[in-house]
Enquirer: 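Below is the structure I would like to discuss, written out as structure tokens.
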Amino acid sequence: MQNKNNKGWYLLFTAPLFIIFLTVVVIPFVIGIYYSFFKWDGIGANPKVFVGFDNFIKLFGDTRFLESTWKTTLFTILAVISVNIVGLVFALLVTSKLRTSNAARTMVFMPYLIGGLILGYIWQFIFLDVFTLIGEVTGLENVFFNWLIDMDFALYALVFVFTWQMAGYIMIIYIAGIQSIPNDVMEASMIDGASWWQRLKNITFPLLMPAFTISLFLTLSSAFKIYDVNLSLTGGGPANSTEMFAMNIYNEIFGYGNYGYGQAKAIIFFLIVAAITLTQVYITKKREVEL
Amino acid sequence: MKKFYKILKELLLLIAALFFLSPIYIIIVNSFKDRQELYENVLALPKEFSFQYYIEAMEKMNFLNALANSLYITILSVLIIVVLSSMTAWMLARTDNKLSKIIFMIFIATMLIPFQTLMMPLMQFMSTITNTLHIPMINTREGLIFMHIGFSSSISVFLYHGFVKSIPITLEEAATIDGASKFGVFWRIIFPILKPITVTVMILNVINIWNDYLLPSLTLTDKGLRTIPLSTFYFFGEFTIQWNLAMAGLMLTIIPVVIFYVLAQKHIIKGIGEGAVK
């Protein structure tokens with residue numbers, strides 16, 4: 001009786017969310033794998049033609065897709081480095097008990113709350129008008145011009161705005177990490193005469209490894225999946241030079257109506273994201289030290 | 001010398017912080033200018049502060065309607081996520097059997113799936129439900145809420161699960177001996193203890209759901225249902241050339257976020273920190 005009762009409670013507590021989760025995430029994932037083996041234009045009345053692995057093979061000859069893979073990789077590398085450096089520097093400054101610490105923390109975190117789509121529009125205006133103005137006034141016209149119309153600089157603009165968005169969030173994670181380092185370890189090292197750099201290198205960084213693991217995971221996966229900022233800042237342009245992975249998939253499916261082929265790209269996208277993030281977490285986890 | 005470094009650091013921090021805020025300054029000053037004034041000098045203060053463009057942008061974006069939609073969708077989604085994911089996580093953490101482990105593993109593993117992998121089959125499946133079971137999932141705010149709950153469940157269950165593990169089980173056993181049902185134990189004893197992690201779960205989900213563009217853009221087609229990011233997107237499609245009007249529109253979308261930040265600032269920063277450390 002007691003046992004049967006427990007089963008009832010178990011169902012009552014877990015079933016509602018699990019059913020929603022199955023409907024929204026798990027079942028579509030399985031259907032998605034199925035669709036990736038078909039040639040289909042998304043119209044229900046039109047036939048789905050089974051093509052086996054053809055969609056996946058086709059990917060290797062798709063220059064626009066390969067170009068977007070390369071651009072996404074380049075963007076991710078630059079973005080991860082830049083976000084983490086800016087975030088860590090701010091975290092170190094903010095935790096060193098300065099008068100402006102609180103104000104700075106609040107301001108740096110602010111962009112994260114605003115959201116990618118809106119940030120992209122804000123910066124579109126700044127690159128368009130403010131950068132040109134600064135260029136004219138200072139004469140540095142080869143640095144301050146509208147980056148968004150240049151095929152190489154548009155990617156840097158994306159890195160720049162993404163850093164502006166994410167750095168505050170990553171800063172908070174590093175702050176939490178820094179604050180969890182016990183004070184007595186720091187004090188002992190100061191009594192022993194360790195310099196600022198020695199303390200940073202031998203105490204702070206090793207003890208920050210868990211924070212590195214999380215920050216790298218978050219920046220890596222969100223940089224790789226960037227969409228909103230991409231859409232509102234460059235729209236993939238100029239001449240598709242900033243069409244990131246996520247946008248390429250969206251355009252393939254909903255723009256050109258290649259549902260099966262686009263879904264095959266989406267499955268590959270999943271495999272790449274999973275492989276990269278799991279590898280990163282495995283590597284950085286191994287470097288974490290216990291106190 | 002030490003003092004010099006300290007002042008230098010203070011200054012550095014202040015300059016950097018101001019740099020981070022400078023775009024907000026640019027939006028504000030230009031939202032009050034007419035087109036000609038804007039092009040004369042984008043950095044200068046406006047000659048006069050009239051809210052003319054705000055009123056115009058508000059009408060063109062159908063701002064109040066979008067705000068109501070965003071509030072409705074975000075608040076309802078987050079409340080349901082908190083209730084359901086805390087209950088699920090608690091039961092999974094406290095029932096130590098194979099099934100619980102499998103369910104928990106499925107929740108965690110799916111965190112690796114990018115939204116783009118799911119969007120097309122999700123829309124197909126949702127229209128199938130709409131057409132065959134006659135449950136309106138597509139183009140309704142409730143359908144969107146349902147999907148937000150599904151996508152938020154992994155991270156929320158994960159956070160609650162970690163927290164529940166740190167609560168000693170003796171409290172619950174004592175209450176059970178006293179005759180409380182599982183329901184009573186959870187809502188009267190456990191849920192209040194979960195408060196810190198509930199704050200984290202709420203904040204993370206509020207930020208994600210409030211700012212989400214792609215999912216609403218796929219599910220909502222009616223103009224009247226648009227959320228703030230959606231109406232911003234359509235607004236920019238039409239008015240990018242009129243940057244002064246666009247700036248007023250952007251400012252409108254930022255105001256609710258700033259109010260939220262000012263009201264809950266302490267909780268937000270603490271919540272993000274705690275969420276990440278878990």
Side-chain angles (χ1 to χ4, degrees), chain A residues 9-10 13-14 16-18 20-21 23-29 31-32 35 93 96 98-100 103-111 113-118 121-123 125-126 129-130 133 169 172-173 175-176 214 225 227-228 246 249-250 253 259 262-263 266-267 269-270 273-274 277, chain B residues 6 9-10 12-14 16-17 20-21 23 26-27 41-43 84-85 87-88 90-92 95 103 106-107 110 112-114 116-118 120-122 124-125 146-147 149-151 153 182 207 210-211 213-214 229 232-233 236 243 246-247 250 253-254 257 261 265 269 272-274 276-277:
Chain A
W9 283 119
Y10 192 82
F13 271 65
T14 56
L17 188 69
F18 196 62
I20 299 175
F21 170 73
T23 319
V24 175
V25 180
V26 181
I27 296 172
F29 183 66
I31 301 176
Y35 277 139
L93 281 173
S96 57
L98 299 169
R99 208 172 300 216
T100 36
R105 189 190 304 217
T106 311
M107 286 185 241
V108 176
F109 182 69
M110 182 81 213
L113 284 176
I114 295 176
L117 191 85
I118 289 162
Y121 287 128
I122 297 175
W123 280 93
F125 176 73
I126 295 177
D129 280 333
V130 182
L133 180 81
Y169 182 55
I172 301 289
I173 294 166
I175 291 174
I214 301 153
K225 292 188 275 195
Y227 182 78
D228 292 11
I249 292 168
Y250 182 91
I253 297 176
Y259 276 53
Q263 190 54 32
I267 298 293
F269 185 43
F270 159 67
V273 171
T277 46
Chain B
K6 191 152 187 188
K9 274 206 256 177
E10 294 265 12
L12 242 156
L13 205 52
L14 195 71
F20 261 77
L21 271 195
I26 289 166
I27 314 169
N41 185 348
V42 282
L43 297 173
L84 293 185
S85 61
M87 290 189 352
T88 305
W90 177 66
M91 203 43 119
L92 292 180
T95 315
I103 294 177
I106 299 176
F107 271 120
T110 52
L112 289 169
I113 306 175
Q116 275 77 9
T117 306
L118 298 172
M120 187 274 273
L122 174 73
Q124 296 295 326
F125 189 47
F146 185 87
M147 288 179 244
I149 297 167
F151 284 118
S153 52
K182 289 262 180 198
I207 298 172
W210 184 269
N211 288 326
Y213 162 75
L214 192 48
T232 314
F233 177 78
F236 264 80
W243 273 107
M247 289 296 120
L250 282 180
T253 66
I254 294 173
V257 177
Y261 196 25
Q265 193 191 337
I269 293 200
I272 296 283
E274 270 167 17
V277 179

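Quick note on labels: first sequence line is chain A, next is B, and so on, each numbered from 1. Here the structure is a predicted model, which is why all the values come from computation and not from measurement.
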Enquirer: Side chain, backbone, both or neither: which part of B/I207 has a non-hydrogen atom closer than 4.5 Å to chain A?
Expert: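 Contact with chain A is through the side chain of B/I207 alone.
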Enquirer: If we ignore hydrogens and angles and just use 3.5 Å, is the side chain of B/N211 paired with the main-chain N or O of A/G116 as donor and acceptor?
Expert: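 No, because the side chain of B/N211 does not come within donor-acceptor range (under 3.5 Å) of the backbone of A/G116.
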Enquirer: Please determine, among B/P121, B/A16, B/S85, the option with the most heavy-atom pairs under 4.5 Å with chain A.
Expert: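 Looking at each option in turn, the highest pair count goes to B/P121.
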Enquirer: How about B/K182 and A/Y10: do any of their side-chain heavy atoms sit closer than 4.5 Å?
Expert: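 Side-chain contact under 4.5 Å: no.
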Enquirer: Are A/L17 and B/M87 side-chain neighbours, meaning at least one heavy-atom pair lies under 4.5 Å?
Expert: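 They are not in side-chain contact.
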Enquirer: Given the options B/Y213, B/F125, B/Y261, which has more heavy-atom pairs under 4.5 Å with chain A than any of the others?
Expert: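 Max contact count across the listed options: B/Y261.
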Enquirer: A/F109, A/Y169, A/W123: which one forms the most heavy-atom pairs within less than 4.5 Å of chain B?
Expert: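 Ranked by heavy-atom pairs under 4.5 Å with chain B, first place is A/F109.
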Enquirer: Please find the pair of heavy atoms, one from A/P28 and one from B/L118, that lie closest to each other, and give the distance.
Expert: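 Taking A/P28 first and B/L118 second, the nearest heavy atoms are C-CD2, 4.1 Å.
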Enquirer: Sort out for me which of A/I175, A/I267, A/L93 touches chain B most, counting heavy-atom pairs under 4.5 Å.
Expert: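 Heavy-atom pairs under 4.5 Å are most numerous for A/L93.
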Enquirer: Angle between ring planes, B/W90 versus A/F13, binned at 30° and 60°: parallel, tilted or perpendicular?
Expert: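 Tilted, since the angle between the ring planes falls between 30° and 60°.
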Enquirer: On a heavy-atom basis, which atom in A/P16 and which in B/L84 lie closest, and how many Å separate them?
Expert: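 Smallest interatomic distance, heavy atoms only, reads CB-CD2, 4.0 Å.
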Enquirer: Please evaluate residues B/T110 and A/F21 with respect to the criterion side-chain contact (heavy atoms from CB on, under 4.5 Å), reporting the C-alpha separation (whole Å), side-chain torsions for both, the decisive distance (0.1 Å), and the verdict.
Expert: CA-CA 10 Å; B/T110 52; A/F21 170 73; 3.2 Å; yes
Enquirer: Quick one: are A/T106 and B/Q265 in side-chain contact, heavy atoms under 4.5 Å?
Expert: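 Yes; the side chains approach each other to less than 4.5 Å.
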Enquirer: Apply side-chain contact (heavy atoms from CB on, under 4.5 Å) to A/F125 and B/I27, showing your working.
Expert: CA-CA 9 Å; A/F125 176 73; B/I27 314 169; over 6 Å; no
Enquirer: Step by step, work out the side-chain contact (heavy atoms from CB on, under 4.5 Å) result for A/W9 and B/M91.
Expert: CA-CA 9 Å; A/W9 283 119; B/M91 203 43 119; 3.8 Å; yes
Enquirer: Looking at A/I249, A/I31, A/L113, which has the largest count of heavy-atom pairs under 4.5 Å with chain B?
Expert: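 Option with the greatest count: A/L113.
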Enquirer: Quick one: what part of A/I114 sits under 4.5 Å from any heavy atom of chain B, side chain, backbone, both or neither?
Expert: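 When you check distances to chain B, atoms from both the backbone and side chain of A/I114 fall under 4.5 Å.
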Enquirer: Under 4.5 Å heavy-atom distance to chain A, tell me which part of B/I254 shows up: side chain, backbone, both or neither.
Expert: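 Contact with chain A involves the side chain of B/I254 alone.
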Enquirer: Taking all non-hydrogen atoms of both residues, which atom of B/F236 and which atom of A/Y121 are closest, and how far apart?
Expert: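 In this case the closest contact between B/F236 and A/Y121 is CD2-CD2, 3.3 Å.
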Enquirer: For the atom pair CG (B/L43) and CG (A/L133), what is the distance rounded to the nearest 0.5 Å?
Expert: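 Nearest 0.5 Å value for the CG-CG distance: 5.5 Å.
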Enquirer: For each of A/T23, A/T277, A/V273, tally heavy-atom pairs with chain B at distances under 4.5 Å, and name the one with the top tally.
Expert: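 Of the candidates given, the most pairs with chain B belong to A/T23.
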Enquirer: Can you say whether A/I118 sits under 4.5 Å from chain B via the side chain, the backbone, both, or neither, judging by heavy atoms?
Expert: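 Both parts, backbone and side chain.
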Enquirer: Quick one: NZ on A/K225 to CG on B/L214, what's the gap to the nearest 0.5 Å?
Expert: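 So the gap between those two atoms works out to 12.5 Å.
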Enquirer: Do the ring centers of A/F18 and B/F107 come within less than 6.0 Å of each other?
Expert: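 Centroid distance A/F18-B/F107: below 6.0 Å, so yes.
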Enquirer: Could you report the tightest heavy-atom contact between A/A104 and B/A17, atom names first, then the distance?
Expert: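 In this case the closest contact between A/A104 and B/A17 is CA-CB, 3.9 Å.
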Enquirer: I need the minimum non-hydrogen distance between B/P229 and A/L117, along with the two atoms involved.
Expert: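 Taking every non-hydrogen atom into account, O-CD2, 3.2 Å.
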Enquirer: Sort A/D228 into side chain, backbone, both or neither according to what part of it lies under 4.5 angstrom from a heavy atom of chain B.
Expert: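 Side chain only.
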Enquirer: Shortest non-hydrogen contact from B/G150 to A/V24?
Expert: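 Scanning both residues completely, I find the closest heavy atoms to be CA-CB, 4.0 Å.
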Enquirer: When you measure from the side chain of B/E10 to the backbone N and O of A/T100, does any donor-acceptor pair fall under 3.5 Å?
Expert: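 Checked: pair present.
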Enquirer: So what's closer than 4.5 Å to chain B heavy atoms on A/F29: side chain, backbone, both or neither?
Expert: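 Both backbone and side chain.
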Enquirer: Go through the steps for B/Q116 and A/F270 under the test side-chain contact (heavy atoms from CB on, under 4.5 Å), then give the verdict.
Expert: CA-CA 8 Å; B/Q116 275 77 9; A/F270 159 67; over 6 Å; no
